[in-house]
Amino acid sequence: MKLDPNSENGDVKISTLKIFLNGTLLALVIAVPAIISTVVFHYVIKTNLIITISAGIITLFVAMGFAYKISKRLSM
């Protein structure tokens, strides 16, 4: 266990497991929607490759915006 240097008193303990779980959750929030949208556009809707890549990138940036908001809440 390590002490949190960002806390006022310095007595809040952060476990390594909590850090790994929060990081895994954020990685899933970012990656899964982009992968699903790319697969759906390419295999189900059968769109052009440029449209598929564009949709995946747009979904990735939207997911990163949500992950930023989630990470703020997880850090409190």
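No hydrogens, no waters, no symmetry mates; every other heavy atom, side chains included, goes into these values.
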Atom CG of L49: over 12 foreign heavy atoms under 6.0 Å: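 Counting other residues, nucleotides and ligands, CG of L49 exceeds 12 neighbours.
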[atom1]/[X] to [atom2]/[Y] distance, rounded to the nearest 0.5 angstrom?
{"X": "I70", "Y": "I30", "atom1": "CD1", "atom2": "CD1", "answer": "9.0 Å"}
{"X": "L17", "Y": "T24", "atom1": "CG", "atom2": "OG1", "answer": "9.5 Å"}
{"X": "S37", "Y": "I57", "atom1": "OG", "atom2": "CD1", "answer": "10.0 Å"}
{"X": "S71", "Y": "F66", "atom1": "OG", "atom2": "CZ", "answer": "13.0 Å"}
{"X": "H42", "Y": "I51", "atom1": "NE2", "atom2": "CD1", "answer": "12.5 Å"}

Are [Y] and [X] co-members of a hydrophobic cluster defined by side-chain heavy atoms under 4.5 Å apart?
{"X": "M64", "Y": "I53", "value": "yes"}
{"X": "L28", "Y": "L74", "value": "no"}
{"X": "L25", "Y": "F20", "value": "no"}
{"X": "V32", "Y": "V40", "value": "yes"}

Identified side chain to side chain contact (heavy atoms under 4.5 Å, CB included) counterpart of P33 within the set T59, L60, V62: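 Exactly one option meets the side chain to side chain contact (heavy atoms under 4.5 Å, CB included) with P33, and it is T59.
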Flag, side chain of T47 to backbone of F41, donor-acceptor distance under 3.5 Å: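 It does hold such a pair.
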